[in-house]
Amino acid sequence: MEYHDAWLTLIDQRDQVYLWLFIAAAVGMMWYRFLFNRYYWATLAVYQSLIVGALVWGGLQLAG
Amino acid sequence: MLFTSQTFTRYASRFTLHVSFAKISLVGLLVAGLALRLWRIDAAFWYDEAFSAALAKLPLERLLAATVSDVHPPAYYLLLWLVNQALGVSEMTMRLPSLLAGLALILVVYRLGQALEMSTPAVWVAVGMTIIAPFQIYYSQEARSYALLMLAVALAALGLLERRPWLFVGASLAALYLHHMAAPFICVQILLAVTARRWPWPKLAVILGCIGIGFLPGALLTLYQMGQISGNYWIPPLTSPGRIISTLDDLIFFSPGNTFVLASGLITALGLVLLCVDWRYWYDRPFLMLVNVLPVAIIAAASLLWQPVFISRIVAPLAPFYYLWLAESVTRSKWRWLMWSIPAGITILLIALAGPLAGMGRQPGKDIYSTVPIQPGDAVYHANVGSYLIWNYYRPDVPQYVWPNENGLDQSLSGPTKAAMGVSQADFDTVACSARRWWLIYFNNPTTDKIEMDYIAHLERDYPSERVVRLRSDSTAEAWIVRIEPSCSVQAAH
């Protein structure tokens, strides 16, 4: 049964990560006008950097 | 005159060129989709697929008997039975219906986009997602009903949108007989057909009557099988709204061993927020919003109030509509292209290509069945019917038995199903002396019952045994092949 609990914990952790990513994206979008009117390129750069960083991290995991 | 014969010809030729370009593009994309789906389509079966293949090999009456006592309706297994009659049983032939359904879904998504009068870029983004989404590639290579289920539900929606009643009726019935969880999706489409008055009342009554009468035997079977599902199912409970987001993420990015989950999480979260931001837009064009939101709400409610059923393959029929909904939203402005469409495209492509190029995704996995030094006189013993079905498929030359566990073990088969399938069940103590040497195969995974592990401990303790091959060992599962060389004196003591 220890694997059952470990599995549920992993699923729960993944759910929490997705929930907080959604909340973060939603908060970001609440500031939609502020962010995108004033700092359009900066916001885009930050988001794209996050994606690139996440892709590099995934690639390193795959290679490792 | 606005349209002289010359201008008309010019317009007509432009239209012809446009249609031809779309067709050529679709054919090219279908070829690319086929290439991605053919990669490792002959990989080893896993448990569910081995179950499908075992049913396809049965005589028809035993197949029906085995299916009735299981948790799925019979249409998919009957289709595999026909495939077996025509082409035989192999990984390729058992996965062929899913492959063809996966390719057909690409065309149906294109037609759905046109029927919904979506912008051209949005239609192509949705088509592109259907072609390269790792989720689609995986289920187009799976000897299970999910690719056909997605196609059937999408075809029903096409029948609804194009006002083709017999397509709507036929596809709805096909979906309902493929999988019980087609019901929420088909119910929502029927609701939309009624509320949007897609057909005049008399015609609508005939359509609904045909679906109702056609599904009557299936409904009775569903009621009977619901008892099996509610007493014996393994899906984790829906404990967080994050599960809905991660499941939607799976509908695009799912692939075994996917390491790009953080990137996909960022992309999914932003995509969902964009859909929420656009609520006014969708309020005026509600079809896509309703066919996405209502089934998710129904399945989430069923998970909370009845039985956990919220996993990606259960909500798989949502996938084409989710792609279309997202595609329409993320192509609405230049910054959305930059923020979502391009990063998502790169990530999806990376995951899709990581299978062929970097060993992610479906693995060949057949070596183990030939590398274990099984010799004449040996036999294989299984603690669980899961490994029994797979090993029985790959090593039909070796006598094999499974522990006759009837304690409501999760992810197992019912007694009548095992009997109809001709599963060889025996307590190890009773057959120990029938072979010179035994190979015990066991999996300790999240759905393994304690009583099963106690039984394995008893075998390893009471018989001369040695763990020889570790099949798996990670944070959520452990699997071994154990060599057992019983002496009959030990057996006699039992």
Find the distance between [atom1] ([X]) and [atom2] ([Y]) and round it off to the nearest 0.5 Å.
X: B:Arg243; Y: A:Leu19; atom1: CZ; atom2: CG; result: 11.5 Å
X: A:Gln16; Y: B:Ile245; atom1: CD; atom2: CD1; result: 10.0 Å
X: A:Ile51; Y: B:Leu262; atom1: CD1; atom2: CG; result: 8.5 Å
X: B:Asn258; Y: A:Gln61; atom1: CG; atom2: CD; result: 11.0 Å

May I ask you to list the residues in residues 246-257 of chain B that approach chain A closer than 4.5 angstrom, counting heavy atoms only, ordered by number?
->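 B:Ser246, B:Asp249, B:Asp250 fall under the 4.5 Å cut-off.
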
Members of residues 296-305 of chain B whose heavy atoms come closer than 4.5 Å to chain A =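 Residues in range: none.
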
Is [X] in contact with chain A via its backbone, its side chain, both, or neither, using a 4.5 Å heavy-atom distance?
X: B:Leu350; value: side chain
X: B:Ser475; value: both
X: B:Ala358; value: both
X: B:Ile244; value: neither
X: B:Ile342; value: neither

Of all the heavy-atom pairs spanning [X] and [Y], show the shortest one and how long it is.
X: B:Thr259; Y: A:Trp57; answer: O-CZ3, 3.9 Å
X: A:Ile11; Y: B:Pro236; answer: CD1-CG, 3.6 Å
X: A:Leu10; Y: B:Thr476; answer: CD1-CG2, 3.3 Å
X: A:Gly59; Y: B:Phe260; answer: N-CE2, 3.4 Å
X: A:Leu21; Y: B:Gly265; answer: CD1-C, 3.5 Å

Most contacts with chain A, counted as non-hydrogen pairs under 4.5 angstrom, among [options]:
options: B:Thr268, B:Thr239, B:Ile267; value: B:Ile267
options: B:Gly242, B:Pro343, B:Ala263, B:Ala269; value: B:Gly242
options: B:Thr347, B:Val273, B:Leu274; value: B:Val273

Would you mind reporting whether [Y] and [X] have side-chain heavy atoms less than 4.5 Å apart?
X: A:Leu8; Y: B:Pro446; value: no
X: A:Tyr18; Y: B:Ser240; value: no
X: A:Tyr3; Y: B:Asn445; value: no

Donor-acceptor contact below 3.5 Å, side chain A:Gln48 vs main chain B:Leu338 |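 Answer holds: yes.
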
Atom CZ of B:Arg280 with >12 non-hydrogen neighbours under 6.0 angstrom |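 At most 12 heavy atoms, drawn from other residues, nucleotides or ligands, come within 6.0 Å of this atom.
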
Sequence-distant partners of B:Leu288, side chain to side chain contact (heavy atoms under 4.5 Å, CB included), two or more places apart =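 With neighbours one apart ignored, the set is B:Leu116, B:Met118, B:Trp282, B:Val291, B:Asn292, B:Leu324, B:Trp325.
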
Identify, with sequence neighbours excluded, every residue that meets side chain to side chain donor-acceptor pair (under 3.5 Å) alongside B:Arg332.
->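 If we apply the side chain to side chain donor-acceptor pair (under 3.5 Å) test to B:Arg332, skipping adjacent residues, the hits are B:Asp278.
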
